[in-house]
Amino acid sequence: MQSYELTDMIIDDDFYGEETVTATITHEDKNYSVTFKKNDLEIINSWVFEEETSLPANLTDELIEAVRNEVRGRI
């Protein structure tokens, strides 16, 4: 059973000249945004949205790998 839900995915071809994929997920009742390089799915950044602000997220390697695999399957 997944511990998160992928709610949105955006492919951006104009991020500093490089394509990126941003996945929006819900995990433990919080919303997160994880951005990967499209060519190798290396993580660029991750954010957690709390109230009216966003903060750098501290996600586990296992969760990031699960999201990466789901994104890979959807590209």
Side-chain angles (χ1 to χ4, degrees):
M1 183 172 152
Q2 286 185 181
S3 64
Y4 71 94
E5 178 185 359
L6 180 65
T7 57
D8 195 20
M9 191 172 91
I10 299 169
I11 298 175
D12 184 0
D13 62 356
D14 196 28
F15 183 77
Y16 298 108
E18 185 171 18
E19 285 188 320
T20 61
V21 178
T22 300
T24 304
I25 65 169
T26 302
H27 173 65
E28 295 181 350
D29 297 323
K30 292 184 181 179
N31 294 315
Y32 295 86
S33 173
V34 183
T35 302
F36 301 96
K37 291 181 183 178
K38 185 180 177 199
N39 64 344
D40 62 3
L41 295 179
E42 178 183 335
I43 191 167
I44 295 173
N45 60 45
S46 59
W47 298 94
V48 59
F49 301 102
E50 294 185 356
E51 297 180 18
E52 295 181 16
T53 190
S54 59
L55 302 167
N58 186 18
L59 299 171
T60 66
D61 291 339
E62 292 82 16
L63 180 59
I64 291 171
E65 188 62 28
V67 173
R68 179 181 289 125
N69 288 334
E70 186 168 352
V71 166
R72 183 178 291 122
R74 292 183 180 212
I75 292 180

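Reckoned from all heavy atoms, side chains included, excluding hydrogens, waters and symmetry mates.
Between L41 and I75 the shortest side-chain heavy-atom distance falls below 4.5 Å. For the pair N39/E19, no side-chain contact is recorded, criterion being any heavy-atom separation below 4.5 Å from C-beta on.
The OG1 atom of T26 sits 4.5 Å away from the CG atom of N31 when rounded to the nearest 0.5 Å. Atom CG of N69 is separated from atom CZ of R74 by 12.5 Å, given to the nearest 0.5 angstrom. Note that OG1 of T7 is 13.5 Å distant from NE2 of H27, once rounded to the nearest 0.5 Å.
A pairwise comparison of heavy atoms in V71 and F36 identifies CG2-CE1, 4.3 Å as the closest pair. Closest heavy-atom contact between L63 and L59: CD2-CD2, 3.7 Å. Nearest heavy atoms, Y4 versus L6: CD1-N, 3.8 Å. Listed here is the closest heavy atom pair of Y32 and A57: CD2-CB, 3.7 Å.
Judged as a salt bridge (charged side-chain N to carboxylate O under 4.0 Å, His left out), the pairs with a partner in residues 52-66 (not counting sequence neighbours) are, in order, E65-R68.
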- [ ] Step by step, work out the side chain to side chain contact (heavy atoms under 4.5 Å, CB included) result for I44 and K37.
- [x] CA-CA 7 Å; I44 295 173; K37 291 181 183 178; 3.7 Å; yes
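For D40, the CG atom counts as densely surrounded, since its 6.0 Å shell holds more than 12 non-hydrogen atoms of other residues, nucleotides or ligands.
The one candidate from T24, I25, T22 that meets the side chain to side chain contact (heavy atoms under 4.5 Å, CB included) condition with D8 is T24.
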